[in-house]
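Each residue takes its place number in the sequence, starting with 1. Just so you know, these numbers come straight off a predicted model, no measurement behind them.
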Amino acid sequence: MRVLITGGAGFIGSHVADELTAQGHDCVVLDALLPEAHGAIPLLDHELVIGDVTDPEALRPLLSRVDAVCHQAAMVGHGVDPFDAPSYARHNDLGTAVLLAEMHRAGVSRLVLASSMVVYGEGRYRCLTHGIVRGERSRTDLAQGLYEPRCACGDFLVPELVPEDAPLDPRSTYAATKLAQEHLAAAWARQTGGSVWALRYHNVYGPRMPRDTPYAGVASIFRSALQNGQAPRVMEDGRQRRDFVHVTDVARANVLALTSARPGFEAVNVCSGVMHTIGDLAFALADACDGPAPQIVGGARPGDVRHVVASPAKALDVLGFEASVRFEDGVRAFATDPLRAAVTSS
């Protein structure tokens, strides 16, 4: 099988390319090398075409010679402020729309889409009185250092694992664009009879993460601080629950999806199903790096969510995917894993 990987020179995409090759498949990488993710042109063992997924002319010659597309290209991360919105919409949503149109033109009917846990917004919560409810955090509570979501009745909520049929409620510009990508891909699948797997990544970490950029994941931000001899700064009280999944597991999930075509649209959590807190990550990484202890600094950014830990049941059922890298082992390795070159300002 020959696969086009958009964003394939990036953190996750490059691992997908490696995994495809290791399993005997062929791939071609298309990447715009956005400065938010790349400090320099990466060295790859795969065919690299520098181009923008929003450009039909860049896509057409590549789509004419592939069997499937793995769409990793996106502007990622929490962002800096609302001025980022046009860039997120262009790279994520316009890029996906152009790709889908050109896939239809070329007769390519198999897509694996990099989606994200952020489409859920806050995770799944239970009120002891009212059952499963939507979690909300008020500005008043946050200002007082009360970080747990409440029910409309005022009671604090109990977090649970998030299944794929949980309500979708994006809380940031990035999250809104990831959900729009899913909607575009689902509409394309219905219109064309194509196959789409939307893989909702949870907190991915591992080698080749970009460093020194506000668009990077929290693991990279902590690691960059420690590498500079600084203590990781942990917001809120450090007890925010997350699901950390190693990038090699994520790459394996992508290959399973690429080789398991089925008609229609299917969303799947790519996760470990094991809860760890942001504080757990910061302290484990500081210990592995023999660095200064993390600082719990309080506060909460607009759009931040409290708890998101996923259910891994569907991925095991429909893809046969189960994460294999233990948090303790992955974080210990991450302390010395190579990161991408520092991102330069543009």
Side-chain angles (χ1 to χ4, degrees), residues 78 113-183 185-187 196-204 218 235-245 250 253 264-281 300-319 321-323 327:
H78 193 284
L113 170 68
S115 187
S116 172
M117 69 175 197
V118 297
V119 300
Y120 297 119
E122 283 287 354
R124 182 182 178 94
Y125 294 95
R126 181 177 297 276
C127 173
L128 297 180
T129 302
H130 299 102
I132 300 297
V133 297
R134 174 176 168 172
E136 294 290 350
R137 305 202 294 173
S138 72
R139 291 181 180 272
T140 300
D141 276 354
L142 293 177
Q144 295 176 358
L146 300 173
Y147 299 117
E148 297 298 331
R150 295 181 188 260
C151 177
C153 72
D155 288 347
F156 288 110
L157 300 172
V158 178
E160 296 187 347
L161 297 183
V162 184
E164 287 82 353
D165 61 358
L168 304 180
D169 185 23
R171 302 291 180 94
S172 68
T173 301
Y174 170 62
T177 63
K178 296 308 288 185
L179 182 54
Q181 283 185 305
E182 286 199 13
H183 288 325
V196 177
W197 292 97
L199 302 184
R200 292 175 179 164
Y201 301 157
H202 286 254
N203 287 72
V204 187
V218 66
M235 299 192 71
E236 301 188 17
D237 57 5
R239 297 175 184 169
Q240 308 95 304
R241 299 182 182 188
R242 294 293 187 270
D243 189 318
F244 296 99
V245 59
V250 173
F265 174 91
E266 199 75 60
V268 179
N269 288 326
V270 175
C271 62
S272 70
V274 180
M275 183 278 292
H276 290 91
T277 67
I278 299 290
D280 289 340
L281 174 67
R301 297 176 301 181
D304 278 354
V305 299
R306 181 62 174 173
H307 303 302
V308 188
V309 180
S311 168
K314 183 176 179 181
L316 181 60
D317 181 45
V318 300
L319 281 179
F321 170 75
E322 188 172 22
F327 175 82

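Side-chain contact check for H276 versus L281: every heavy-atom pair is 4.5 Å or farther apart. Counting heavy atoms from C-beta on, the side chains of E164 and V268 come closer than 4.5 Å. In this structure, N269 and M117 have side chains that are not in contact, with every pair of non-hydrogen atoms separated by 4.5 Å or more. Contact check for Y120 versus L168: side-chain heavy atoms found under the 4.5 Å cut-off. At a threshold of 4.5 Å between non-hydrogen side-chain atoms, the residues F244 and V218 count as touching. Considering only heavy atoms from C-beta on, V274 stays 4.5 Å or farther from F327 through its side chain.
A166 and V162 make their closest contact through CB-CG1, 3.7 Å (heavy atoms, listed as atom of the first residue, atom of the second, distance). Closest non-hydrogen pair, L319 versus A253, comes out as CD1-O, 4.4 Å. For S115 against E182, the heavy-atom pair with the smallest separation is OG-OE2, 2.6 Å. In terms of heavy-atom proximity, C127 sits nearest to C153 at SG-SG, 3.9 Å.
At distances below 3.5 Å, not a single donor-acceptor pair connects side-chain atoms of Q181 with backbone N or O atoms of L179. Using a distance-only test at 3.5 Å, with no hydrogens or angles considered, a donor-acceptor pair links the side chain of D243 to the main chain of S272. Remark: side-chain polar atoms of D317 are not paired, donor with acceptor, to backbone N or O of K314 under 3.5 angstrom. Looking only at distances, no side-chain donor or acceptor of R200 sits under 3.5 Å from a matching main-chain atom of A114.
Between D280 and R241 there is no salt bridge, since none of the side-chain N atoms of the basic residue sits less than 4.0 Å from a carboxylate O of the acidic one.
Distance check, rounded to the nearest 0.5 Å: CG of L113 to CH2 of W197 gives 13.0 Å. One distance of note links OG of S116 with NZ of K178; it measures 7.0 Å at 0.5 Å rounding. Atom CG in D141 sits 12.5 Å away from atom CZ in R139 (nearest 0.5 Å). L199 contributes atom CG, which lies 11.0 Å from atom CD of E266 (distance to the nearest 0.5 angstrom). Between the CG atom in N203 and the CD1 atom in I278 there is a gap of 6.0 Å [rounded to 0.5 Å].
Listed by chain and number, the residues in a side-chain hydrogen bond (donor to acceptor under 3.5 Å, both in side chains) with Y125 are E122 (sequence neighbours excluded). Among residues two or more places apart in sequence or in another chain, the side-chain contact (heavy atoms from CB on, under 4.5 Å) test is passed with E136 by R134, R171.
Of the residues Q240, E148, R242, the one that meets the side-chain hydrogen bond (donor to acceptor under 3.5 Å, both in side chains) test with H307 is E148.
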Problem set entry | Step-by-step side-chain contact (heavy atoms from CB on, under 4.5 Å) determination, F321 to V270 | CA-CA 8 Å; F321 170 75; V270 175; 4.1 Å; yes
For this session: With side-chain contact (heavy atoms from CB on, under 4.5 Å) as the test, would you mind laying out the steps for I132 and E160 before giving the verdict?
Result: CA-CA 9 Å; I132 300 297; E160 296 187 347; 3.5 Å; yes
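By the neighbour-count criterion of 12 heavy atoms within 6.0 Å, atom CZ of R137 is densely surrounded, having more than that number from other residues, nucleotides or ligands.
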